[in-house]
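Computed from a predicted model, the values in this text were never measured in an experiment. The figures here come from the full heavy-atom set of this structure, side chains too, leaving out hydrogens, waters and symmetry mates.
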Amino acid sequence: MNGSLLSMACALLLAPTLGAQAVYVDNTQNVGLTGVHLAAPGHPSVMMIGGGTVGDFNNDGWPDFYMPSGGTRPDYLFINDGDGTFTESSAAWGLTDLQLGIGSAVGDFNNDGWQDLYVCSFGPAGAAQAGYNRLYRNNGDGSFTDVAVAAGVNAPSASNNCYGAAFGDYDRDGDLDLFVTAYSFGTEGNKLYENNGDGTFSDVTTSVGILDVLTTRGFVPSFTDINQDGHTDIILIADTGTSKLFLNDGDNTFTKSNQYAPDLRLPNGMGLATGDFDNDLDLDFYVSDIYYPASGIGGNRLFVNDGSGTNWVESASNAGVKAAGWAWGVVATDMDNDGWLDLASTNGWFGSWDNYPTRLFHNTQASGFAEVASVCGLTHYGQGRSLLRLDADRDGDEDLIITESNGPVSFFQNETANGNHWLRLSFDTSAAPELAPHGIGTEVIVRRGSKQLYRQLDSNQSYLGQSELTLHFGLGPNADWLGEVEIRWTDGRVTMLRDVAADQHLVVQASRPLLTTSTVQAQAPVTVTMENLVPYSNALLAISTKGPGPISTPHGELMVSAPFQIFPFRADGDGRAGHSVFVPGWTSGTTFWMHGYDPVSRSFSNPLAVTIP
């Protein structure tokens with residue numbers, strides 16, 4: 001594409017509609033996820049390892065999956081074939097070492113448009129030692145290069161006990177910072193690294209106020225604006241009652257603020273899931289723990305914001321999500337696309353908690369949650385550790401991956417077909433350097449009538465790994481169109497999408513012209529609008545019924561097929577232009593592909609596909 005890119009935009013990719021009851025099917029073998037975690041002899045802490053992470057490493061819009069092997073073979077890298085099946089590709093990507101990998105995280109740390117991979121490691125197989133954490137830079141050509149030493153993040157801890165990591169933009173300067181955890185007391189391994197913008201990181205833990213972490217048995221860090229004040233906070237989930245909440249003071253320093261979530265100090269915290277579980281437009285969070293009443297250990301915790309924005313009330317028992325065995329990874333997912341986030345928790349400990357089932361808690365809205373794993377086909381009795389959400393086949397319902405300690409990965413395909421609608425969002429901020437890569441930190445409110453749903457794209461950590469970097473909205477029935485989608489970027493700008501069709505994946509691109517349509521139907525007028533143009537410029541709109549292109553032009557790629565028609569637009573002083581046409585009756589069932597172009601800025605809008613009902 002030629003020219004600079006302006007303002008906001010979205011790419012609309014149509015996906016099939018859903019159609020019966022919430023159902024999961026174990027489809028692991030059929031999709032090619034055949035990896036088995038097996039710890040090499042001498043691997044430390046065997047019972048607490050066995051993770052995995054979802055990313056889009058080849059930038060094709062389809063989620064891939066990385067899983068440490070345990071050191072008995074090279075780590076696994078499953079690349080999505082573009083149809084929901086996977087091919088193991090670790091050798092081709094250069095993941096050939098035998099290493100004792102633990103937790104992992106995905107993020108574009110060098111702002112080159114490609115997702116990189118950070119891996120906590122106990123070192124080479126057979127010689128566990130500190131200093132061997134890995135930062136795999138994505139070279140953009142189907143390969144990784146470990147640059148952890150050059151970046152200064154290979155050895156956060158003096159001992160080999162790193163478990164979790166997360167990328168996030170705590171200072172909102174447009175590049176991704178890194179938090180890495182450590183487990184042993186006194187190792188100074190729970191560290192916040194600021195991205196210097198040149199491929200290196202600096203340890204700023206103490207200088208920004210991340211204090212009292214020498215006695216923190218860290219597992220899961222998360223960059224989340226938990227109080228929604230426009231400044232990124234840090235949730236640090238840790239074992240033996242050492243979890244901590246660090247609220248951003250507004251100047252990119254932090255204050256430990258456990259008093260706002262008083263019960264956070266009690267759990268043996270292992271996993272974390274964030275989300276708006278009661279649909280009141282503020283953030284809650286869920287922490288996994290051991291449910292062992294005989295020893296006074298109280299189970300998973302659900303921290304619900306009381307509406308003040310700064311106080312979280314522990315509500316797991318009343319909500320019905322407390323008893324989940326020896327819990328590790330947890331995840332928030334709308335399994336039936338009814339507009340309410342559900343919760344899942346995977347479990348296991350060698351001995352007393354062998355063959356303990358993974359739990360699935362259906363959000364029953366006002367009455368809390370109901371455990372439905374066996375009813376819905378989510379049948380898993382292994383030593384579950386990471387629990388991750390992704391839409392592997394891009395059909396509009398979220399699938400689940402469960403990894404194990406010394407066991408196989410399991411893939412549960414969501415085959416729900418109840419007719420509920422959905423919307424998925426991901427973000428391309430490559431043309432807006434002031435925003436974090438892939439839109440991390442972006443907030444979205446979806447509105448239809450009086451109903452509103454809130455999501456925030458945080459670092460999506462679970463336990464020892466992270467889920468897909470997308471926002472998923474279940475919309476329920478009768479929601480084939482949305483009145484408004486409000487996108488709040490981290491620099492304070494807001495993009496408003498109106499009359500958005502449901503049942504599609506939108507890639508919202510910052511700093512490009514935006515193309516939208518009003519509700520479309522045959523035998524009625526429709527208005528096509530372009531926004532965020534250069535004021536008073538002349539824009540062009542290409543419309544085709546033959547396909548999505550691309551066609552090479554002197555200005556760049558036009559995402560329509562020939563033949564196509566060109567319509568002129570004239571932007572007003574606000575950079576907005578509209579064109580109204582009458583849709584004849586004979587077009588019913590026809591798909592139109594549209595692509596706008598601003599000759600002044602030499603930039604294209606998002607492409608748009610619309611099917612006439």
Side-chain angles (χ1 to χ4, degrees), residues 6-15 17 421 423 446-451 475 477-487 494-509 512-549 551 558-600 603-613:
L6 291 187
S7 65
M8 313 291 171
C10 62
L12 301 166
L13 303 178
L14 297 182
T17 56
H421 296 282
L423 179 70
V446 167
R447 299 184 177 94
R448 186 176 186 273
S450 61
K451 295 182 178 179
L475 302 174
N478 307 315
D480 50 345
W481 285 90
L482 297 170
E484 190 171 80
V485 177
E486 178 180 345
I487 300 162
V494 175
T495 294
M496 304 295 291
L497 309 181
R498 294 182 174 86
D499 298 320
V500 176
D503 304 329
Q504 58 183 312
H505 187 129
L506 290 85
V507 181
V508 182
Q509 294 177 297
R512 300 185 66 182
L514 175 66
L515 180 65
T516 63
T517 67
S518 61
T519 301
V520 181
Q521 60 184 14
Q523 210 63 28
V526 61
T527 298
V528 181
T529 303
M530 289 183 70
E531 297 178 330
N532 303 313
L533 301 167
V534 174
Y536 305 113
S537 65
N538 292 309
L540 302 173
L541 175 68
I543 301 181
S544 170
T545 60
K546 297 301 181 182
I551 292 176
L558 188 64
M559 300 305 293
V560 297
S561 293
F564 55 86
Q565 289 183 279
I566 293 289
F567 296 88
F569 281 59
R570 173 68 174 174
D572 61 19
D574 295 322
R576 181 182 177 90
H579 190 93
S580 183
V581 297
F582 185 82
V583 181
W586 64 264
T587 61
S588 182
T590 301
T591 298
F592 289 85
W593 285 268
M594 295 178 278
H595 202 185
Y597 174 63
D598 181 359
V600 176
S603 61
F604 287 93
S605 78
N606 57 294
L608 183 65
V610 175
T611 300
I612 310 301

Any donor-acceptor pair under 3.5 Å linking the side chain of Ser605 with the backbone of Gly596? yes
Using 0.5 Å steps for rounding, measure from the CD atom of Gln523 to the CZ atom of Phe582. 4.0 Å
Whether Ser588 side chain and Gly585 backbone form a donor-acceptor pair below 3.5 Å: no
Is the backbone of Glu486 close enough, under 3.5 Å, to the side chain of Arg447 for a donor and an acceptor to pair up by distance? no
Distance, nearest 0.5 Å, that separates CG of Leu515 from OG1 of Thr529: 8.0 Å
Rounded at 0.5 Å granularity, tell me how far CZ in Phe567 sits from CG in Leu540. 11.5 Å
Is the backbone of Tyr536 close enough, under 3.5 Å, to the side chain of Arg570 for a donor and an acceptor to pair up by distance? yes
How long is the straight-line distance from CZ of Phe592 back to NZ of Lys546, given to the nearest 0.5 Å? 11.0 Å
Please name all residues satisfying ring pair (Phe, Tyr, Trp, His ring centres under 6.0 Å) with Phe569, sequence neighbours left out, ordered by chain then number. His579
Could you tell me whether Asp480 atom CG has more than 12 heavy atoms of other residues or ligands within 6.0 Å of it? yes
Measure the OG1-CE distance between Thr516 and Met594 for me, rounded to the nearest 0.5 Å. 9.5 Å
Is any side-chain heavy atom of Leu423 closer than 4.5 Å to a side-chain heavy atom of Val485? yes
Ignoring hydrogens and geometry, is there a side-chain-to-backbone donor-acceptor pair from His595 to Met559 under 3.5 Å? yes
For atom CD of Gln521, decide whether the heavy atoms of other residues, nucleotides or ligands shown that lie under 6.0 angstrom number more than 12. no
Let me confirm one number: the CD1-CG distance from Ile566 to Leu558, rounded to the nearest 0.5 Å. 6.5 Å
